[in-house]
Amino acid sequence: MASYDSLHRQCRTLESLFDAKLTSYARLAATISRAGTEHDLEAGPSWREAESEVEDLLEKLGETNAALDAVAQDTSNPPSQSMLRAIQRHRDVYQDYGREFRRTKANVQAAVDQANLLSGVRNDIDAYKSSAAEALLAERGHIDSSHQMIDATLEQAHETRVEFARQRSSLGSIQTRMVGVLNTVPGINNILSMIHKRRRRDAYIIGGLIGTCLFFLLRYMFW
């Protein structure tokens with residue numbers, strides 16, 4: 001029964017390794033839940049590698065249990081009752097490990113999905129914050145541009161006001177010089193006064209002629 005002894009030792013070794021690997025793999029669920037982003041998942045312990053190692057050990061453990069089942073069914077050299085109980089115990093442990101692995105695998109996958117979902121939400125929030133910041137910067141740019149336009153308009157209005165003041169000063173100076181010229185030229189005021197009087201007289205004469213013509217025209221039409 002050397003074959004049984006070898007398979008029995010191999011099965012116990014695989015069970016011990018599987019138990020240690022499965023415990024480490026189960027701890028990854030908590031580690032993944034605390035991971036903030038997809039980058040954190042990749043930077044931390046590789047749950048894919050751990051899962052692959054546990055699957056490989058479970059497969060080898062299944063193959064060893066299948067070999068022990070073959071030993072249990074060997075009619076030419078039937079095993080003892082203690083051997084059969086040991087083989088049955090290995091079979092039960094293998095089945096328990098299989099169920100525990102499937103449960104742990106589901107927990108790890110749920111933790112990965114949750115971490116990815118949170119990572120997506122964080123990315124959306126970061127994208128929204130970035131978009132809002134860009135919108136605020138653009139709005140601030142528009143406000144700064146409006147302020148610059150207002151400043152330019154006010155500066156232009158100030159320059160126009162200064163130009164009007166300068167022109168008014170120039171016109172006042174010209175008027176002052178003209179008054180001075182009129183005051184310095186002898187008799188020019190008298191000449192201007194005579195011209196105004198003559199214009200008024202001519203206006204009176206023309207008005208009188210127009211009135212006389214209208215009088216005779218109306219008289220001729222109605223009498």
Side-chain angles (χ1 to χ4, degrees), residues 1-140:
M1 302 303 299
S3 178
Y4 164 79
D5 293 335
S6 175
L7 292 173
H8 176 64
R9 287 193 300 270
Q10 182 179 356
C11 196
R12 294 191 61 174
T13 301
L14 289 174
E15 288 173 353
S16 179
L17 289 174
F18 182 88
D19 186 69
K21 291 292 184 179
L22 184 63
T23 301
S24 300
Y25 178 59
R27 290 173 181 170
L28 287 178
T31 303
I32 293 171
S33 298
R34 292 193 299 268
T37 62
E38 188 173 323
H39 174 73
D40 295 334
L41 290 178
E42 297 297 334
S46 177
W47 61 272
R48 293 186 180 87
E49 292 181 2
E51 181 179 290
S52 178
E53 290 177 357
V54 174
E55 284 181 338
D56 290 342
L57 287 174
L58 185 63
E59 182 179 356
K60 292 178 180 178
L61 190 58
E63 293 174 354
T64 305
N65 272 271
L68 284 173
D69 288 339
V71 171
Q73 296 173 5
D74 187 3
T75 57
S76 62
N77 189 12
S80 64
Q81 291 297 320
S82 61
M83 294 178 182
L84 291 175
R85 286 194 296 270
I87 293 173
Q88 182 61 41
R89 187 188 65 81
H90 287 309
R91 185 183 303 113
D92 294 339
V93 170
Y94 169 70
Q95 293 176 353
D96 290 341
Y97 279 165
R99 287 191 295 269
E100 186 65 20
F101 171 69
R102 289 189 292 272
R103 185 183 65 81
T104 304
K105 183 177 180 180
N107 292 338
V108 171
Q109 186 60 49
V112 170
D113 294 340
Q114 182 179 6
N116 289 333
L117 178 60
L118 293 176
S119 176
V121 171
R122 290 192 182 96
N123 291 336
D124 292 341
I125 293 174
D126 292 340
Y128 173 76
K129 289 181 178 178
S130 178
S131 177
E134 292 178 357
L136 290 175
L137 290 176
E139 186 65 22
R140 182 176 180 180

### Query
If you round to the nearest 0.5 Å, how far is CZ of F101 from CG of L61?
12.5 Å
### Spacing of Y97 atom OH and T104 atom OG1 [to the nearest 0.5 Å]
11.5 Å
### Message
Strictly below 4.0 Å, N to O, side chains only: are R103 and E100 in salt-bridge contact?
### Response
yes
### Query
Going from CG on L22 to CG on L17, what distance comes out if it is rounded to the nearest 0.5 angstrom?
12.5 Å
### Message
Could you go through S80 and M83, starting from their C-alpha distance and side-chain angles, then the distance that decides it, and tell me whether this counts as side chain to side chain contact (heavy atoms under 4.5 Å, CB included)?
### Response
CA-CA 5 Å; S80 64; M83 294 178 182; 3.2 Å; yes
### Message
How long is the straight-line distance from OH of Y25 back to CG of N107, given to the nearest 0.5 Å?
### Response
9.0 Å
#### Entry: Nearest-0.5 Å distance, CG of residue N65 to CD of residue Q95
8.5 Å
### Message
Would E55 and K105 count as a side chain to side chain contact (heavy atoms under 4.5 Å, CB included) here? Give the steps.
### Response
CA-CA 10 Å; E55 284 181 338; K105 183 177 180 180; 3.3 Å; yes
### Query
Is it true that a side-chain atom of D19 and a backbone atom of E15 form a donor plus acceptor pair closer than 3.5 Å?
no
### Query
What's the spacing between S52 OG and E49 CD if we round to 0.5 Å?
8.0 Å
### side chain to side chain contact (heavy atoms under 4.5 Å, CB included) evaluation trace for Y94 with L58
CA-CA 8 Å; Y94 169 70; L58 185 63; 3.7 Å; yes
### Query
With a 4.0 Å cut-off, would you call R99 and D96 a salt bridge?
yes
### Query
For the residue pair Y4 and L68, what are the closest heavy atoms and their distance?
CD1-CD2, 3.9 Å
### Query
Has R89 got more than 12 heavy atoms of other residues, nucleotides or ligands less than 6.0 Å from its CZ?
yes
### Query
Checking T64 side chain against K60 main chain: does a donor-acceptor pair fall under 3.5 Å?
yes
### Message
Using the side chain to side chain donor-acceptor pair (under 3.5 Å) criterion, which residues pair with D113? Sequence neighbours excluded.
### Response
Q109
### Message
Pair Q88, R91 - check side chain to side chain donor-acceptor pair (under 3.5 Å), show working.
### Response
CA-CA 5 Å; Q88 182 61 41; R91 185 183 303 113; 2.2 Å; yes
### Message
Minimum heavy-atom separation for V71 and P79, please, with both atom names.
### Response
O-CD, 3.7 Å
